[in-house]
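Every number for a ligand or one of its atoms is a count from 1 in the order of the listing.
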Amino acid sequence: MSIRYETRGPVAVLTMDNPPVNGLGHAVRTGLSEGVERAELDPGIAAIVITGAGKAFSGGADIAEFKSGKQLLEPSLRVVIRALEGSTKPIIAAIHSVAMGGGLELALGCHFRVVAKGTKIALPEVKLGLLPGAGGTQRLPRAIGLEAAANLIASGETVLAETLGKTALFDRVVDGDVLEAALAFAEEVVREKRPLKKLRDVKVEHPNEQGFLQFARNTVTTMSKNFPAPLACLEAVAACTGPFDAGLRKEGELFQKLMATPESRALQHFFFAERAASKIADVPSDTKPRAIQKVAILGAGTMGGGIAMSFANAGIPVTLLEVKPEALDKGLGTIRKNYESSLKKGKLTEEKMAQRLALIQGTLSYDAIAQADLVIEAVFEDLGVKEAVFTQLDQVMKPGAILASNTSTLDVNKIAGFTKRPGDVVGLHFFSPANVMKLLEVVRGAKTSKDVLATVMDLAKKIGKTAVVSGVCDGFIGNRMIERYGIQASFLLEEGALPSQVDRALEQWGMAMGPFRMNDLAGNDIGWAIRKRLYVEHPELVYSKIGDKLCEQGCFGQKTGKGWYLYEPGRRDAIVDPSVDEMVVAYSKELGITRRAISDEEIVERCIFALINEGAKIVEEGIAQRASDIDVVYLSGYGFPIHRGGPMLYADEVGLVNIVAAMRRFARISRGDPKFWEPAPLLAKLAAEGRSFHG
Ligand code: 3HC
Ligand code: NAI
């Protein structure tokens with residue numbers, strides 16, 4: 001049963017019991033309706049208390065029900081709330097832990113609300129590309145005022161109940177057992193025959209309603225590019241100063257409109273995709289993780305320093321090991337500078353900075369790290385260096401320690417083979433800057449043990465990372481795909497585009513950064529080194545050599561002040577470099593190519609469809625567990641536009657059959673290996689069957 005009906009003297013207690021978060025699915029809505037009716041009809045019942053079992057009052061509507069795209073089964077949440085509000089017996093919400101979305105709207109429909117301190121309160125629908133659709137945009141302003149409600153609804157922000165304790169949202173904010181407090185409150189209400197409060201009857205007033213709303217619209221317009229929901233939230237809230245039913249109608253119309261947008265589908269997809277990514281099919285959820293109390297990091301360079309900060313920020317002590325004192329001092333100095341910069345920007349207090357710095361110790365000796373529970377290697381990307389390091393780690397680390405590598409290209413199975421404990425070895429591929437970027441690829445070696453995987457997935461959450469499991473292959477999920485995207489970007493230059501046009505087209509489409517600006521940021525020499533290796537290992541692969549030409553001139557990007565663009569000292573703005581454009585045109589001539597005008601649409605399709613095709617291979621080979629994991633990688637680590645839901649969801653939106661047709665066209669018109677455009681078998685199969693990656 002999703003609703004438990006119990007009586008406590010003259011009070012009926014309706015407990016929502018629908019784990020994990022008491023989502024308001026059909027069974028819960030029906031149970032609530034029936035429970036209220038039963039209590040209404042029972043002459044022995046004087047009041048009703050509604051509460052939630054487990055870890056939430058309610059996390060809101062059951063988002064999984066939205067997926068079907070069909071009208072939800074009756075009773076809708078609005079109908080349930082109307083029944084509560086119209087009840088002749090007092091209804092008291094006993095709210096604890098989490099009251100979000102429809103859960104908060106349900107409470108707003110009760111006559112009284114008793115809340116436990118520390119309860120998280122939000123109308124977060126905007127984060128799903130929606131607005132509160134069960135009266136939240138009309139009742140919340142009546143409880144806390146127009147301005148505060150507009151801010152909460154348009155931002156989706158979570159606040160603690162006590163911050164709203166002095167508003168009409170809560171009748172009582174309590175410490176301790178909220179159900180007992182609500183029962184005591186119900187007894188008072190009945191004894192004193194208090195009138196039933198209905199938020200719908202409250203009149204909203206604001207001294208400068210139009211001025212405030214215009215200011216809010218301006219702010220939201222600049223912040224919510226590509227997303228219609230925040231403005232729609234304000235439009236709905238604006239209706240709260242008029243008659244209640246008209247406001248409710250407006251809210252309903254806007255809700256239905258938003259529900260049909262691709263932006264909302266993308267955000268809902270990401271919500272579930274992120275949670276799915278944390279699960280590994282053959283690692284049971286009750287696998288006991290190993291305790292991680294102390295972490296060691298080898299190499300205090302770009303990555304090692306950022307990784308150390310990620311752990312210190314989460315309160316986990318870290319020891320950083322370097323080979324030379326100068327390198328150690330430099331690494332520790334950079335960490336300090338980074339924290340000082342956050343302090344200057346007001347993102348950190350002096351006290352927090354001191355605490356975090358105290359958690360990071362430097363060492364030159366393996367003895368100092370031998371007792372760590374996890375060691376992450378972030379030394380030079382060279383298999384010989386990794387071999388020396390892992391051989392040593394195998395000798396010194398305590399039994400049961402997890403040995404991780406942050407390698408971005410090397411074979412984790414080979415690295416595991418340098419030890420006598422390959423089950424304890426795993427890849428932890430952080431992204432730069434590691435203290436900022438959310439993505440963490442967990443690279444599962446052939447022998448990585450299940451409890452090691454369970455441990456690192458758990459740990460990723462603790463340090464605020466979004467972990468996605470990848471099998472072992474060149475580039476893992478993210479970089480393997482981006483390489484295909486980069487190949488197309490380079491051939492587009494040979495055929496007629498210029499770097500700034502390619503970047504502009506992809507940025508206008510939504511990518512945070514075009515491929516050439518991105519390469520300048522990461523360092524063109526990194527890709528060059530990878531290509532040089534691949535020329536030897538995979539001579540069959542066909543690459544444009546235009547990037548190599550740039551690197552031969554020492555144009556490595558921001559770090560050299562010159563790459564695909566020019567950079568003024570200390571600045572990151574990319575300035576178009578006419579000499580690079582000339583080099584591009586001259587290179588086409590050298591190859592005997594007649595340059596042609598290339599449309600932005602072709603640029604976007606060639607680059608993005610190349611990503612998608614490789615993604616399909618990655619799913620088919622089992623490198624990624626599911627297509628949505630690829631979306632999580634791209635949305636959390638590669639600046640893929642969130643309103644498009646990731647490359648694989650975008651593919652579904654375009655239609656796989658259209659993608660295959662475009663790829664056939666590109667095979668005819670583009671330079672490079674025509675085989676590049678052969679659809680991955682999975683893509684071809686799904687397209688032929690009229691199916692999609694996400695079913
Ligand atoms: N519907 C369906 N499933 C939900 C859900 C919801 N509203 N909220 C959470 N879940 C599921 C998650 O998918 C996850 O499932 P899994 O275990 O199978 O992966 C499980 O509950 C636990 O979720 P979390 O891992 O996120 O648990 P936390 O304890 O970290 O957080 C939470 C709990 C704060 C409630 C968080 O899950 C959350 O923010 N949920 C979304 C809340 C939300 O957006 N509500 C609005 C829904 S739309 C709505 O109400 C429309 C209405 O206006 C008409
Ligand atoms: P880096 O050159 O900035 O730092 C490497 C550090 O390792 C140097 O400080 C060096 O002194 C130290 N070192 C070398 N040998 C050592 C040893 N035997 N013991 C201890 N320290 C040693 O390199 P970076 O960029 O930090 O890369 C480190 C690893 O992270 C590489 O495997 C790289 O592929 C990977 N990586 C790099 C990313 C990036 O964007 N830079 C992104 C993701 C992974």
Does even one non-hydrogen atom of Lys120 get within less than 4.0 Å of ligand 1?
-> no
Any N or O on Ser408 sitting closer than 3.5 Å to an N or O of ligand 2?
-> yes
So, does Ala378 sit close enough to ligand 2 that a heavy atom of it is under 4.0 Å from the ligand?
-> yes
Which word best sums up how the rings of Trp528 and Phe556 line up, parallel for under 30°, tilted for 30 to 60°, or perpendicular for over 60°?
-> tilted
Backbone, side chain, both or neither: what part of Ile526 comes under 4.0 angstrom of ligand 2, heavy atoms only?
-> neither
Return a yes/no value: protein heavy atom under 4.0 Å from atom 11 (O) of ligand 2?
-> yes
Which atoms of ligand 1 are found less than 4.0 Å from any heavy atom of Phe271?
-> 8 (N), 9 (C), 13 (O), 40 (N), 41 (C)
Contact atoms of ligand 1, heavy-atom distance to Pro132 under 4.0 Å = 53 (O)
Check whether any heavy atom of Gly23 sits under 4.0 Å from an atom of ligand 1.
-> no
Among protein heavy atoms, which lies nearest atom 9 (C) of ligand 1, and at what distance?
-> Val21 CG2, 3.4 Å
Give a yes/no on ligand 2: does Phe430 have at least one heavy atom closer than 4.0 angstrom to it?
-> yes
Who's the nearest protein heavy-atom neighbour of atom 18 (O) of ligand 1, and how far?
-> Lys279 NZ, 3.9 Å
Return the residue, atom name and 0.1 Å-rounded distance of the protein heavy atom closest to atom 39 (O) of ligand 1.
-> Met100 SD, 3.9 Å
Taking distance alone, with no angle check, do Gly133 and ligand 1 share an N/O pair under 3.5 Å?
-> yes
Give yes or no for whether the N/O distance cutoff of 3.5 Å, strictly under, is met between Tyr366 and ligand 2.
-> no
Which of the numbered atoms in ligand 2 are below 4.0 angstrom from a heavy atom of Val389?
-> 18 (N)
Distance to 0.1 Å, residue and atom name: give those for the protein heavy atom nearest to atom 1 (N) of ligand 1.
-> Ile63 N, 2.9 Å
Within the structure, does at least one protein heavy atom fall under 4.0 Å of atom 31 (O) of ligand 1?
-> no
Could you walk me through whether Glu441 and Ser470 pass the side chain to side chain donor-acceptor pair (under 3.5 Å) check?
-> CA-CA 6 Å; Glu441 281 181 327; Ser470 169; 5.1 Å; no
What is the closest protein heavy atom to atom 42 (C) of ligand 1, and at what distance does it sit?
-> Gly59 O, 3.3 Å
For ligand 2, which atoms, with element, lie under 4.0 Å from some heavy atom of Thr407?
-> 32 (O)
Hey, looking at atom 21 (O) of ligand 1, which of Gly135, Pro20, Gly60 has the closest heavy atom?
-> Pro20
Looking at Gly101, which atoms of ligand 1 are within less than 4.0 Å of one of its heavy atoms?
-> 46 (C), 50 (O)
Just let me know how Leu128 lines up against ligand 1, side chain, backbone, both or neither, with a heavy-atom cut-off below 4.0 Å.
-> side chain
What residue and heavy atom of the protein are closest to atom 2 (C) of ligand 1, and at what distance?
-> Asp62 OD1, 3.3 Å
Can you tell me if Ala56 has a non-hydrogen atom under 4.0 Å from ligand 1?
-> no
Polar-atom distance check: Gly304 versus ligand 2, any N or O pair below 3.5 Å?
-> no
If you measure from atom 43 (C) of ligand 1 to every heavy atom of Gly103, Gly25, Pro124, Ser97, which option wins on shortest distance?
-> Pro124
On the 0 to 90° scale, with breaks at 30° and 60°, tag the Tyr638-Tyr634 ring pair as parallel, tilted or perpendicular.
-> parallel
Which heavy atom of the protein is the closest neighbour of atom 36 (C) of ligand 1, given with residue, atom name and distance?
-> Arg275 NH2, 4.2 Å
Between Thr302, Val379, Val385, flag the one that comes closest to atom 7 (O) of ligand 2 by a heavy atom.
-> Val379
Tell me which protein heavy atom sits closest to atom 6 (C) of ligand 1, plus the residue, atom name and distance to 0.1 Å.
-> Ala61 O, 3.5 Å
Could you tell me whether ligand 2 has any atom less than 4.0 Å away from a heavy atom of Lys330?
-> no
Does the protein put any heavy atom within less than 4.0 Å of atom 34 (C) of ligand 1?
-> yes
